[in-house]
2 protein chains.
Amino acid sequence: MGSPSTATRVTARRRRAAPAPATRYDRRLAEILVHATEVFCKKGYEGASMRDLARASGMSLAGLYYYFESKERLLFLIQKHTFTTIVQGLKARLEGVSDSEERIRIFILNHLEYFLANQAAMKVLSHEAEALKNGFASEVAAIKREYYRICVGLLDKLKSDRGLQFQTRIAVLSLFGMMNWIYTWHNPRVDADAESIAGEMGDVFLRGVMAGGKGRRDGR
Amino acid sequence: MGSPSTATRVTARRRRAAPAPATRYDRRLAEILVHATEVFCKKGYEGASMRDLARASGMSLAGLYYYFESKERLLFLIQKHTFTTIVQGLKARLEGVSDSEERIRIFILNHLEYFLANQAAMKVLSHEAEALKNGFASEVAAIKREYYRICVGLLDKLKSDRGLQFQTRIAVLSLFGMMNWIYTWHNPRVDADAESIAGEMGDVFLRGVMAGGKGRRDGR
DNA sequence: ACTCAGTTCGAACGAACGTTCGAATTATCC
DNA sequence: GGATAATTCGAACGTTCGTTCGAACTGAGT
């Protein structure tokens, strides 16, 4: 048969939505993704060679291509899975909570908990955001846009609930900056856990957007 | 002579601290740095080839090596110059200002103004922070540490002046995150200028750290 | 016109890159 | 245990990588 990877991937795709079983193919694929994430995190997407990835997953160079048709698709799968998971987790946690401040605190906590529990994957997601091209890029961009819009919705709700006045776009992007920058500095031996950092950042950010009421201090 | 670049660089290094004149060598070198910054910004350090850099500066591949002994040193020169300039500018602007809140606003404004006026260089500084190794890395890290410590000093002063209570480390790193993340989203056709964004971020951040007074909302 | 340091370049080096392919190996089912 | 499909691999492909080298060009001083 011509291209083994295409053929096998099609037949292997008949897996249930159920979590545990999964085919051998899917399990091995997930393993490789984990090791590749670690390598991409350490050396960067461009800096990591397929030979590095093969060594990390204890597999031959050619063997990798049974699971992925290209290095770019491998990065794509990592980013898509990571992003999808974090959005799913957020939606589940927001369910049933109506207070708009509490909902933003949940957003921050969910983001930072996932970030610190999956540091390598989140660094690859944040740091290699521009590495994908065309089709791959736009599919990840769509998930990112959904995530961004959820946050905008939460902040706009807070704004109207409490009659606040701030630029939602700047506030949202500042919040993402505060949170995502963590991959450049967090040291588990020095820094507190996600819940504590989320509390601290939530305090600063929420007081910051709420303390003002209406208008800027000097009316500029 | 064996290695022309080493010899010429030594003889050419007799330039004044004066701004304008500079030797031909220094002027050409600066030009190449500008073009290389643009390429590193667009394609990343690993993703940019020496051939890309040669094309961008209208020079032959071999010609570049008259000015730099390696690609890594080229990145180093860009990062060191950018970081040194921003720290210098900050120190000049802080001189004579004593109010601790105003000093932090100056820090934010200086950072964002330089960031948006030199987006490519600042992206290369932020995004390729881990690309350098050993000696190059530690020299840039020293400047970064100085810059970080200045910010810690400013915040600690505010904290003691006003009897506040927050974790300086988290606050500083959150502030850097807010500001540095801008390279991922700022669009000059949509977003306001540096002064306006600095005002907005300054409001959120300063209210955030000042509104609390002492202790966390739930005493955790 | 000649000199000589400063500057640029074409051509090439070996190494490493992403990817392919056919054969070999391993697991699965009758 | 033999047939069939799923999985793995060694070896090689053509390309591009960072870097080097000696020759050629340029411009200022004499």
Side-chain angles (χ1 to χ4, degrees), chain A residues 1-15 21-32 35-36 39-40 43-77 131-133 136, chain B residues 1-15 21-32 35-36 39-40 43-77 131-133 136:
Chain A
M1 205 174 313
S3 162
S5 75
T6 302
T8 53
R9 217 180 305 110
V10 170
T11 58
R13 271 298 155 77
R14 54 192 159 80
R15 77 193 121 163
T23 65
R24 189 159 91 93
Y25 175 90
D26 288 327
R27 265 180 282 117
R28 192 80 179 95
L29 182 147
E31 266 179 44
I32 296 176
H35 290 121
V39 176
F40 281 151
K43 318 187 86 170
Y45 172 70
E46 300 273 4
S49 73
M50 290 297 286
R51 284 158 183 85
D52 291 331
L53 302 175
R55 200 176 314 116
S57 29
M59 206 177 196
S60 74
L61 177 58
L64 283 184
Y65 282 86
Y66 180 70
Y67 293 93
F68 315 100
E69 63 206 55
S70 71
K71 187 186 175 190
E72 193 183 8
R73 181 170 171 87
L74 174 47
L75 175 61
F76 167 74
L77 289 176
L132 297 176
K133 308 180 172 184
F136 288 145
Chain B
M1 206 176 308
S3 161
S5 76
T6 303
T8 55
R9 216 180 306 107
V10 170
T11 59
R13 269 298 154 78
R14 51 191 161 81
R15 80 197 119 164
T23 66
R24 190 156 92 94
Y25 176 89
D26 287 327
R27 266 181 282 116
R28 192 83 179 94
L29 182 147
E31 268 178 43
I32 296 175
H35 291 122
V39 176
F40 281 151
K43 317 186 84 166
Y45 172 70
E46 300 274 3
S49 72
M50 290 298 286
R51 285 157 183 86
D52 291 330
L53 303 174
R55 201 177 312 116
S57 30
M59 207 178 195
S60 74
L61 177 58
L64 283 183
Y65 283 88
Y66 180 69
Y67 292 93
F68 314 102
E69 64 206 55
S70 70
K71 185 186 175 189
E72 193 184 8
R73 179 168 172 88
L74 174 47
L75 176 61
F76 166 74
L77 288 177
L132 296 176
K133 307 180 173 184
F136 288 145

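Here is how names work: the chains are called A, B, and so on, in the same order as the sequence lines, proteins then strands, and each is numbered from 1.
Summarising the geometry, atom CZ belonging to A:R51 is positioned 5.0 Å from atom CG belonging to A:L61; distances are rounded to the nearest 0.5 Å. Remark: A:Y66 OH to A:M59 CE distance equals 9.0 Å, nearest 0.5 Å. Here OH of B:Y45 is found 5.5 Å from CG of B:L75. Values are rounded to the nearest 0.5 Å. Distance check: A:I32 CD1 to A:R27 CZ gives 12.5 Å after rounding to the nearest 0.5 Å. To the nearest 0.5 angstrom, A:E31 atom CD is 10.0 Å from A:L29 atom CG.
We find that CZ of B:R55 is positioned 12 Å from C1' of D:dT16, with the value rounded to whole Å. As rounded to whole Å, 13 Å separates atom P of C:dT19 from atom CZ of A:R73. For B:I32 and C:dT7, the CD1 to P distance is 11 Å, given to the nearest whole Å. Look at CG on B:L29: it is 15 Å from C1' on C:dT8, rounded to the nearest Å. In this structure, OH of A:Y25 is placed 15 Å from C1' of D:dA5, rounded to the nearest angstrom. Residue A:L74 contributes atom CG, which lies 10 Å from atom P of C:dT19 at whole-angstrom precision. Between the P atom of C:dA27 and the CZ atom of A:R28 lies a distance of 12 Å, rounded to the nearest Å.
Between A:H35 and A:L53, the closest side-chain pair of non-hydrogen atoms is not below 4.5 Å. Contact annotation: the side chain of A:F40 approaches that of A:K71 to within less than 4.5 Å [non-hydrogen atoms, C-beta and beyond].
No donor-acceptor distance shorter than 3.5 angstrom exists from the side chain of B:Y67 to the backbone of B:Y25, with no hydrogens or angles considered.
Within residues 57-64 of chain A, the residues approached by DNA chain C to less than 4.0 Å at the level of any non-hydrogen atom are A:L61, A:A62, in residue-number order. Listed by residue number, the members of residues 44-54 of chain B with any heavy atom below 4.0 angstrom from DNA chain D are B:A48, B:S49, B:M50, B:R51.
Scored by the salt bridge (charged side-chain N to carboxylate O under 4.0 Å, His left out) test, A:R55 finds A:D52 as partners (sequence neighbours excluded). For A:E46, there are no salt bridge (charged side-chain N to carboxylate O under 4.0 Å, His left out) partners at least two apart in sequence or on another chain.
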Dump every N/O contact between nucleotides 24-30 of chain D and the protein below 3.5 Å, one line per pair.
none

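B:A54 approaches B:L64 most closely through the heavy-atom pair N-CD1, 3.6 Å.
Checked against C:dT8, D:dT7, D:dT19, the side chain of A:Y66 finds its nearest nucleotide in D:dT7.
In this model, the phosphate group of D:dC9 is not approached by any side-chain N or O of A:Y65 to a distance below 4.0 Å at OP1 or OP2.
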